[in-house]
Chemist: 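First the structure, then my questions, so here it is.
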Amino acid sequence: TINKGATTGSITITGIDDTTDEDNETVTANITTVVNATENGNQQITANITDDDDPPTVTLSVNNASIAEDASNSVLTATLSAASSKNVTVNLGFSGSAANVADYTRTTTNITINAGATTGTSTIASVVDGLDEENETVIMDVNSVVNGTENGSQQKIVTITDDDDAPTVQFTTVSQNKSENSGAVNIAAQLSTASGRNVTVPFTINGSSAATLTDDYTKGASPVTIFAGNTSVNVVITVVDDNDDEDAETVVVNMGNPTNATQGVKTVHTLTIDDNDLSGFTIAETNNTTVTEGGLTDTYTVVLDSKPTNSVTINNSPDSQTTIDKSSLTFTTGNWDTAQTITVTAVDDNAIEGAHTSAIGHVVASSDSKYDTLNQNLTANVVDNDTAGVTITEVNGAVEEGGSAVYKVSLTSPPTDDVVISLTSGAQLSTNLSSLTFTADNWNAKQGITVTAVDDSVAESTHTAAVSYSAISDDANYN
């Protein structure tokens, strides 16, 4: 009201000091009506109210710091120190050993507290899985706040308690056979189901094993580990391929008490190593062992096929057709794989045999039962240098008519039956014998024949006369 006679009047606008964080505000005054005067145009006055309240602070809390894996949940609450006239947004950060989706779900990664309210929430729900695993954590931090500030350093941890049983572990088989030359052999340890933890499986070699460590096999380190998420691991036994002829041997593997798992049924595995070595000896010929009477010799070699447990002596015995330079060979555990050479020589006899063979025997003597009494023959080919024939040796040469000369006859080789040589002299000569008989005993004895020239009256000058021979025998070479 402007009093009569005055020219001005006023009203006072006073800001109210509240505690709410809010935007700056305005008060607008307009003239609605004038009594006893008129408005000068369009009169309007605006007064600004500047807010002087700090933004609210945010504090986090959870209703369950520990939840079970079987579909439990925990509510994370963001609380303001005071209500605000602005929407407050709390942006969250998540970390910890638990994985989103796989181990838990969350309703939101930011909490909005509407103007006038003081709280907002996000819910953490556990996920049921089948993995035996360590208890896991969900760590929640405040990354930033819009229209507010974090009250110090706010962090909440929710632990998800695992409720799955530990898996069982066992060998997939209880036995297997492998040849000695197999190298690395796998014995699989298998989980009943995958685990979220590393499972360690110790093992030992049972004292009943026939095989010997290092000599017959080597083994990997114990324990072996089935890493989280996997279901199996191999115990590795590496078989040694030796040269010993031996019986089948066993490696018995015992499973120890595993960590993060329990033993199944198959906790013993027997690996049988089948030997691939045979006792024996090899004869190697260079030229089919061919020798000539009175001429070429030949050689062959002998070597053992496997390492003996004791010395091995091979006694060598040819038949009457050949001779050898070594009557025995000795092999030890040190030289068993070194070939030894034998030289074969044909016996230069006088028998007509043609191409023939000779048997050379080899018999083993050893305290190694796998070698003792082994035997093997070699057949040598013999080229004969003997032929059937008659040798005539003259004592004196030309004779006068009426005179005599002597010559001798023998065979070149012993016959298999008597040989009768008939003599035919003709008209110019006469002989004191009509036939000669040779036997296997006197074949090389020179039998004498006297030849007499016929003293005729014919003038003939110096001339020749022949004595003819023919042989009859059941020995086909002489007949």
Side-chain angles (χ1 to χ4, degrees), residues 169-190 200-226 232-258 263 266-284 301-315 328-341 362-376:
V169 61
Q170 64 180 355
F171 294 127
T172 56
T173 59
V174 295
S175 65
Q176 62 179 311
N177 284 62
K178 289 293 183 179
S179 174
E180 188 178 77
N181 61 357
S182 296
V185 176
N186 293 328
I187 302 172
Q190 180 81 41
T200 59
V201 184
F203 67 91
T204 57
I205 304 301
N206 192 293
S208 66
S209 299
T212 302
L213 182 64
T214 304
D215 291 341
D216 298 313
Y217 70 95
T218 59
K219 63 183 180 68
S222 173
V224 291
T225 301
I226 304 174
S232 66
V233 70
N234 289 322
V235 173
V236 180
I237 303 294
T238 301
V239 180
V240 175
D241 190 7
D242 59 26
N243 297 298
D244 301 334
D245 180 16
E246 53 200 347
D247 296 328
E249 297 173 310
T250 56
V251 181
V252 181
V253 181
N254 288 349
M255 180 185 293
N257 291 321
Q263 285 185 344
K266 301 172 185 175
T267 59
V268 179
H269 183 96
T270 300
L271 167 64
T272 299
I273 302 172
D274 295 322
D275 188 50
N276 64 347
D277 302 295
L278 292 175
S279 296
F281 58 95
T282 297
I283 297 175
T301 61
V302 180
V303 68
L304 299 189
D305 296 334
S306 63
K307 184 179 179 180
T309 58
N310 290 290
S311 294
V312 171
T313 298
I314 300 178
N315 297 304
S328 66
L329 304 172
T330 299
F331 294 92
T332 67
T333 56
N335 74 345
W336 66 272
D337 56 350
T338 300
Q340 299 187 43
T341 302
H362 308 80
V363 179
V364 174
S366 175
S367 58
D368 182 339
S369 61
K370 292 184 179 293
Y371 269 97
D372 192 38
T373 72
L374 290 178
N375 65 84
Q376 190 175 163

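From a predicted model like this one, the values you see are computed outputs, not experimental measurements.
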Chemist: Are a donor atom and an acceptor atom from the side chains of S179 and N276 found within less than 3.5 Å of each other?
Modeler: no
Chemist: Testing the 3.5 Å rule here: is there a donor-acceptor pair between the side chains of S367 and N310?
Modeler: yes
Chemist: Closer than 4.0 angstrom, basic N to acidic O: yes or no for K370 and D247?
Modeler: yes
Chemist: Spell out, as yes or no, whether a donor-acceptor pair under 3.5 Å connects the side chain of T212 to the backbone of D215.
Modeler: no
Chemist: Has K266 got more than 12 heavy atoms of other residues, nucleotides or ligands less than 6.0 Å from its NZ?
Modeler: yes
Chemist: Decide side-chain contact (heavy atoms from CB on, under 4.5 Å) for Q263 and Q170; before the verdict, give the C-alpha distance in whole Å, the side-chain angles of both, and the deciding distance to 0.1 Å.
Modeler: CA-CA 6 Å; Q263 285 185 344; Q170 64 180 355; over 6 Å; no
Chemist: For the backbone of I187 and the side chain of Q176, can you confirm whether one donor and one acceptor N or O come within less than 3.5 Å of each other?
Modeler: no
Chemist: Just by modelled atom types, is the V236 backbone N or O under 3.5 Å from a matching donor or acceptor in the N234 side chain?
Modeler: no
Chemist: What are the two closest non-hydrogen atoms of V303 and D337, and how far apart are they?
Modeler: CG2-C, 3.5 Å
Chemist: Identify the residue among V312, N243, D305 that makes a side-chain contact (heavy atoms from CB on, under 4.5 Å) with W336.
Modeler: N243
Chemist: With a 4.5 Å limit on heavy-atom distance, are the side chains of L271 and V253 in contact?
Modeler: no
Chemist: Counting C-beta onward and ignoring hydrogens, is there a side-chain heavy-atom pair between L374 and D372 closer than 4.5 Å?
Modeler: no
Chemist: Assess whether side-chain contact (heavy atoms from CB on, under 4.5 Å) is satisfied between D245 and D275, documenting all intermediate values.
Modeler: CA-CA 7 Å; D245 180 16; D275 188 50; 3.5 Å; yes
Chemist: Taking the side chain as every heavy atom from C-beta outward, state whether Q340 and T301 have any atom pair closer than 4.5 Å.
Modeler: no
Chemist: What are the two closest non-hydrogen atoms of L329 and V302, and how far apart are they?
Modeler: CD1-CB, 3.7 Å
Chemist: Sub-3.5 Å donor-acceptor pair from the side chain of H269 to the main-chain atoms of T173, do we have one?
Modeler: yes
Chemist: Under the criterion side-chain contact (heavy atoms from CB on, under 4.5 Å), I'd like the reasoning laid out for Y217 against E249: C-alpha separation, chi angles, the key distance, then a yes or no.
Modeler: CA-CA 10 Å; Y217 70 95; E249 297 173 310; over 6 Å; no
Chemist: For the pair T225 (side chain) and T200 (backbone), establish whether a donor and an acceptor sit closer than 3.5 Å, ignoring hydrogens and angles.
Modeler: no
Chemist: Any side-chain heavy atom of V239 sitting closer than 4.5 Å to one from V185?
Modeler: yes
Chemist: Between N315 and H362, does the side-chain contact (heavy atoms from CB on, under 4.5 Å) criterion hold? Intermediate values first, please.
Modeler: CA-CA 5 Å; N315 297 304; H362 308 80; over 6 Å; no
Chemist: Could you give the distance from CD1 (I273) to OG1 (T250), rounded to the nearest 0.5 Å?
Modeler: 8.0 Å
Chemist: Does the side chain of Y371 come under 3.5 Å of the side chain of S306 through a donor N or O and an acceptor N or O?
Modeler: yes
Chemist: What are the two closest heavy atoms between V252 and S209, and how far apart are they?
Modeler: N-OG, 2.8 Å
Chemist: For residues I226 and V233, determine if any side-chain heavy atom of one lies less than 4.5 Å from a side-chain heavy atom of the other.
Modeler: yes
Chemist: Please name the pair of heavy atoms, one in I314 and one in F281, separated by the smallest distance, quoted to 0.1 Å.
Modeler: CD1-CG, 4.0 Å
Chemist: Distance only, no hydrogens: is a donor on one side chain within 3.5 Å (strictly under) of an acceptor on the other, for N335 and T332?
Modeler: yes
Chemist: Once you round to the nearest 0.5 Å, how far does CE of M255 lie from OG of S222?
Modeler: 10.5 Å
Chemist: Write down the atom of I237, the atom of K219, and the distance for their closest heavy-atom approach.
Modeler: CD1-CB, 3.7 Å
Chemist: Once rounded to the nearest 0.5 Å, what's the spacing between atom CG of N186 and atom NZ of K178?
Modeler: 8.5 Å
Chemist: At their closest point, which heavy atom of D242 faces which heavy atom of D277, and how far apart are they?
Modeler: O-OD2, 2.9 Å
Chemist: Without swapping roles, check the side chain of N254 against the backbone of I205 for a donor-acceptor pair under 3.5 Å.
Modeler: no
